[in-house]
Protein chains: 2
Amino acid sequence: MDIATYLKEHNIKPSYSRIRILDYMMTHKNHPTVDMIYGNLVKEMPTLSKTTVYNTMELFLNSGVVKLISIDEKEKRYDADISTHGHFRCDNCGRIVDLYFDGPLPMPKAHEDLEIREIQYYAKGLCKHCK
Amino acid sequence: MDIATYLKEHNIKPSYSRIRILDYMMTHKNHPTVDMIYGNLVKEMPTLSKTTVYNTMELFLNSGVVKLISIDEKEKRYDADISTHGHFRCDNCGRIVDLYFDGPLPMPKAHEDLEIREIQYYAKGLCKHCK
DNA sequence: TTCAAATTTGTAATGATTACAAATTTATAA
DNA sequence: TTATAAATTTGTAATCATTACAAATTTGAA
């Protein structure tokens, strides 16, 4: 589907910056940091500001267009794939890959006193290339 | 078991600060931040430095005495319960509670190309008091 | 007791993120 | 089109948890 249409469906005005940022995320699927997005796009958008990327990620987050990945304690990462899945980060090269489960994401023992709205599943270790 | 003995078993010299810090964590079981530990202990240890708490947590982490909890994007939290379990954080009051599963922590679909060393399971939402 | 090693401490630096106001762009109405 | 308001973008400064680092203190062995 068209990126501008997708943004409009989430009640976001599809400005040029927003389209390019979401396009970057959907094309690369690399769970990028703000720095990665900015560093890549500024080559073709010389007036782009890092603050705009921060603002846009916050907007995307609140609109449900992206999900936050806190697998790295240093920098926030974002995922435009909002389907329920987990993530693995290689302790050596830092690359992040998706993790899927047989069936829905596993739920903890019944906690009828908790209203769970979001689940994050992170695994860490060594990837194929680094082990 | 005695805290000093426990530290020695992990090849850590049981200095007074280290004993008090680990004692705080085991007594409170509140998944504290460095600030929480410091703020509580400094009342009875006026010369305690926040840097010491940071140093000690790093030491504990590398020695396997505590585990890092990255459920909060702002501050690191630590858990002296090193058994495999998940965590839930209330979006409203910030309290963190333990999550357990029927059986071992669920594993993702076979990724024979990944060497998984650690798994973190985080859930967020509203706790009993806040929902 | 003496000296070296380990631990603790305080201050300064780092770096990702946020605050904020000015500048620019876009949309709306006359 | 033109004027005006609203939304977006931008740059700079502030924030704040964490780290770096060297000096001070404590500990332990000879």
Side-chain angles (χ1 to χ4, degrees), chain A residues 3-4 7-8 10-24 31-63 65-79 89 94 96, chain B residues 3-4 7-8 10-24 31-63 65-79 89 94 96:
Chain A
I3 291 187
L7 284 173
K8 275 185 237 161
H10 287 81
N11 302 311
I12 294 175
K13 197 187 293 183
S15 75
Y16 184 64
S17 305
R18 291 166 182 172
I19 291 175
R20 288 301 301 270
I21 289 174
L22 185 53
D23 178 52
Y24 171 86
H31 317 90
T33 64
V34 162
D35 251 33
M36 289 164 71
I37 299 169
Y38 173 77
N40 187 284
L41 290 183
V42 76
K43 297 177 201 162
E44 297 179 350
M45 302 167 66
T47 70
L48 181 65
S49 159
K50 200 176 283 188
T51 301
T52 297
V53 183
Y54 274 109
N55 290 342
T56 303
M57 297 321 292
E58 190 62 22
L59 176 68
F60 284 0
L61 212 47
N62 294 331
S63 309
V65 170
V66 302
K67 279 189 176 175
L68 179 64
I69 305 179
S70 330
I71 200 171
D72 187 318
E73 305 86 36
K74 201 99 185 176
E75 285 176 288
K76 289 180 182 172
R77 287 170 169 274
Y78 301 91
D79 196 345
R89 189 204 57 191
I96 293 180
Chain B
I3 291 186
L7 284 173
K8 276 186 237 159
H10 287 80
N11 301 311
I12 294 175
K13 198 186 292 184
S15 74
Y16 184 64
S17 304
R18 289 167 183 171
I19 291 174
R20 289 300 302 269
I21 290 174
L22 185 53
D23 178 52
Y24 171 87
H31 318 90
T33 64
V34 162
D35 251 34
M36 290 164 71
I37 300 169
Y38 174 78
N40 189 282
L41 291 182
V42 77
K43 297 178 201 161
E44 298 179 350
M45 302 167 64
T47 69
L48 181 65
S49 159
K50 201 176 280 186
T51 302
T52 297
V53 183
Y54 275 109
N55 290 343
T56 304
M57 297 322 290
E58 189 62 21
L59 176 68
F60 285 179
L61 212 47
N62 293 330
S63 309
V65 170
V66 303
K67 278 189 176 175
L68 178 66
I69 306 178
S70 329
I71 200 171
D72 187 317
E73 305 86 35
K74 203 102 184 172
E75 285 175 287
K76 291 180 181 172
R77 288 171 168 273
Y78 301 90
D79 196 345
R89 189 204 59 193
I96 294 180

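By convention in this document, chain letters (A, B, ...) are assigned in the order of the sequence lines, proteins followed by strands, and residues within each chain are numbered from 1. All figures in this text were calculated on a predicted structure; none of them were measured in a lab.
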Tell me whether B:S49 contacts the main-chain N or O of B:T51 through its side chain, where contact means a donor paired with an acceptor under 3.5 Å.
yes
So, taking the atom named CD1 in B:I3 and the one named CG in B:L22, what distance separates them when rounded to the nearest 0.5 Å?
5.0 Å
When you list every nucleotide of DNA chain D with an atom under 4.0 Å from a heavy atom of chain A, which one comes first 5' to 3', and which comes last?
D:dA7 to D:dT12
Tell me which residues in residues 47-57 of chain A lie within less than 4.0 Å of DNA chain D, going by non-hydrogen atoms.
A:T47, A:L48, A:S49, A:T51, A:T52, A:N55
Gap between atom CG of A:L59 and atom CD1 of A:I12 - 0.5 Å precision
4.0 Å
A:M45 atom CE is separated from C:dT25 atom C1', nearest whole Å, by 13 Å
Expressed as a whole number of angstroms, how long is the span from A:K8:NZ to C:dT26:P?
15 Å
Apply the test side chain to side chain contact (heavy atoms under 4.5 Å, CB included) to residues B:T52 and B:Y38: give CA-CA distance (whole Å), side-chain angles for both, the deciding distance (0.1 Å), then the verdict.
CA-CA 9 Å; B:T52 297; B:Y38 174 78; over 6 Å; no
Using atom types as modelled and distance alone, determine if a side-chain donor or acceptor of B:R77 lies under 3.5 Å from a backbone N or O of B:I69.
no
Ranking A:K76 and B:R18 by the position along DNA chain C of their nearest nucleotide, the one closer to 5' is B:R18
Taking the axis from the first five pairs and the axis from the last five, what angle separates them in the helix from C:dT1-D:dA30 to C:dA30-D:dT1, rounded to 10 degrees?
20°
Donor-acceptor under 3.5 Å (B:N40 side chain, B:M36 main chain)
no
Please round to the nearest 0.5 Å and tell me the distance separating atom CZ of A:R89 and atom CD1 of A:I96.
7.0 Å
When the distance from NZ of B:K74 to C1' of C:dA16 is rounded to whole Å, what number comes out?
10 Å
Under a 3.5 Å distance rule, please check whether B:R18 uses its side chain to pair with a backbone N or O of B:T56 as donor and acceptor.
no
Just to verify, which of A:V42, A:I37, A:V34 counts as forming a side chain to side chain contact (heavy atoms under 4.5 Å, CB included) with A:K50?
A:V34
The single option from A:L68, A:I21, A:N55 passing side chain to side chain contact (heavy atoms under 4.5 Å, CB included) against A:F60
A:I21
